[in-house]
K.L.:
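One structure follows; several queries about it will come next.
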Amino acid sequence: MLEHGAHAAGNVGEQVKNMILHHIINGWEIEVPSSHWGSSVELDSHLWHFQLAGIDVNMSISKHVIMMFVAAGLLLLMALLLRRKIALVPRGFLSMIEGFVLFIRDEIAVATMGKHHAPSYTPFLCTTFFFILTCNLLGLIPYGSTATGNISVTAGLAFVAFVAIQFAGMRQMGVFGYFRHLVPPGVPWWLAPVMIVVEILGIFAKPFALCVRLFANMTAGHVVILSLIGLIFVMGLAISPVTVGFGVFMYILEIFVAFLQAYIFTMLTSLFIGLLVAGEH
Amino acid sequence: MWKGSDSLRKVAPYLNIGSMFLGCMVVGVGIGYWLDGKLGTKPWLLLAGSLLGMASGFYHFFKIVLHLDRRRAEDGDGEDDQA
């Protein structure tokens with residue numbers, strides 16, 4: 001009897017684990033609310049399979065790619081709709097968006113690179129912020145999934161930030177000046193080789209820090225919420241008031257984290273650009 | 001923005017730069033480990049990489065802190081840098 005119970009619990013645990021993984025990991029099927037297509041739509045298509053250097057590459061559109069398309073579409077729609085309503089004194093939704101944009105310009109761009117350089121990088125920072133924010137929030141609605149909870153997506157975003165940072169540095173100092181800057185002025189000659197290695201390490205550590213932070217934060221919260229829900233199946237229905245209460249609390253925390261991580265990603269990108277364009281000369 | 005956000009706004013840039021330290025460490029150790037496997041110099045490049053990563057982490061950490069300090073001081077003057 002006891003053995004049987006333990007065995008059953010093990011099975012439930014296995015199922016809960018699979019349920020959590022299913023919701024976190026990228027896949028080639030997407031759940032849909034309509035029963036017309038069944039509960040999920042298969043996205044994997046043999047048309048997008050091809051061989052590259054002996055490795056089978058699957059370029060089918062996946063769940064997270066769909067979510068990024070949705071995010072991009074939403075932002076495009078928002079921009080097109082709000083563009084028509086631009087007024088001297090914005091109202092409603094527009095004033096909220098303007099609040100965000102002003103915050104990014106004044107508190108992020110100006111604070112890290114100064115008034116002179118901030119305007120040329122604010123559009124890029126706004127794009128980064130709103131795209132990450134939309135992706136984060138799309139993971140919190142039913143049938144959604146978090147594209148930013150995928151290390152490949154965050155690595156892609158970090159690569160964009162990496163290119164932007166290097167581009168900003170080269171624009172400010174010139175390509176030659178940028179490479180000369182790898183040895184900061186005033187460093188004794190015997191320290192120069194070490195400084196070059198240290199600086200190059202830093203160049204690659206910056207996007208790495210951006211990438212891992214966003215991925216870990218977005219994934220961790222979802223794992224906690226799903227585990228709390230899964231606890232109901234493991235420990236019985238009696239525990240549900242507690243877990244659902246904690247789950248709702250975590251969900252509200254997740255909304256906060258969605259904003260915070262978008263802010264932090266933007267802030268750090270801006271800071272790294274600021275280090276190059278407004279650093280010591 | 002809510003009340004008391006001013007202090008949060010001031011502290012926010014500093015909250016995130018710890019990750020820079022971590023990033024440098026991980027990249028340094030990773031490169032050392034990878035080169036060790038390539039060249040067959042088992043522990044030495046890993047050790048050198050971790051040391052360089054640590055040094056690099058400290059260096060970039062202080063660089064960012066000093067940069068933010070200087071920016072704050074310049075914002076207080078209300079005028080941009082001479083560049």
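Within every chain, numbering begins at 1; the chains are lettered A, B, ... in the order of the sequence lines, protein sequences first and strands thereafter.
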K.L.:
With a 4.5 angstrom heavy-atom cut-off, which part of I31(B) approaches chain A: side chain, backbone, both or neither?
P.N.:
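The answer is the side chain of I31(B).
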K.L.:
Give, as side chain, backbone, both or neither, the part of L68(B) having an atom under 4.5 angstrom from any heavy atom of chain A.
P.N.:
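Contact with chain A: side chain only.
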K.L.:
Kindly check if the number of other-residue, nucleotide or ligand heavy atoms within 6.0 Å of CZ (F246(A)) is above 12?
P.N.:
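Count not over threshold, so no.
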K.L.:
Looking only at heavy atoms, what is the nearest atom pair of L268(A) and S19(B), with distance?
P.N.:
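Closest pair (atom of L268(A), atom of S19(B), distance): CD1-OG, 4.1 Å.
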K.L.:
Compare all side-chain heavy atoms of K63(B) with those of E199(A) and state whether any distance is below 4.5 angstrom.
P.N.:
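When only atoms from C-beta onward are counted, E199(A) and K63(B) do touch, with a gap below 4.5 Å.
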K.L.:
I need the minimum non-hydrogen distance between S56(B) and G202(A), along with the two atoms involved.
P.N.:
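Shortest heavy-atom separation between S56(B) and G202(A) comes out as OG-N, 4.1 Å.
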K.L.:
According to salt bridge (charged side-chain N to carboxylate O under 4.0 Å, His left out), does anything in residues 49-62 of chain B pair up with another residue at least two apart or in another chain? List the pairs.
P.N.:
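Sorted result for residues 49-62 of chain B: empty, none.
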K.L.:
For the residue pair A205(A) and G23(B), what are the closest heavy atoms and their distance?
P.N.:
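Result for this residue pair: CB-C, 3.5 Å.
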K.L.:
Is it true that atom OH of Y33(B) has more than 12 heavy atoms of other residues, nucleotides or ligands lying nearer than 6.0 Å?
P.N.:
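Atom OH in Y33(B) is not crowded, with 12 or fewer foreign heavy atoms closer than 6.0 Å.
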K.L.:
So H67(B) and L271(A), do their side chains get closer than 4.5 Å, heavy atoms only?
P.N.:
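Contact flag for L271(A)/H67(B) side chains = yes.
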K.L.:
Where do H60(B) and L201(A) land on the side chain to side chain contact (heavy atoms under 4.5 Å, CB included) test, with the steps shown first?
P.N.:
CA-CA 10 Å; H60(B) 286 285; L201(A) 262 182; 5.7 Å; no
K.L.:
Just checking heavy atoms, which of residues 208-226 of chain A are less than 4.5 Å from chain B?
P.N.:
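Residues F208(A), A209(A), R213(A) are the ones that qualify, each having a heavy atom under 4.5 Å from chain B.
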K.L.:
Can you sort out the partners of Y59(B) under ring pair (Phe, Tyr, Trp, His ring centres under 6.0 Å), two or more places apart, ordered by chain and number?
P.N.:
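Here no residue qualifies.
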K.L.:
Under a 4.5 Å heavy-atom cutoff, which of M267(A), E107(A), M195(A) has the most pairs with chain B?
P.N.:
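Top option by heavy-atom pairs under 4.5 Å: E107(A).
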K.L.:
Going by the rule ring pair (Phe, Tyr, Trp, His ring centres under 6.0 Å), which residues pair with F204(A) if we only count those two or more places apart in sequence or in a different chain?
P.N.:
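Partners of F204(A) under the ring pair (Phe, Tyr, Trp, His ring centres under 6.0 Å) test: F162(A).
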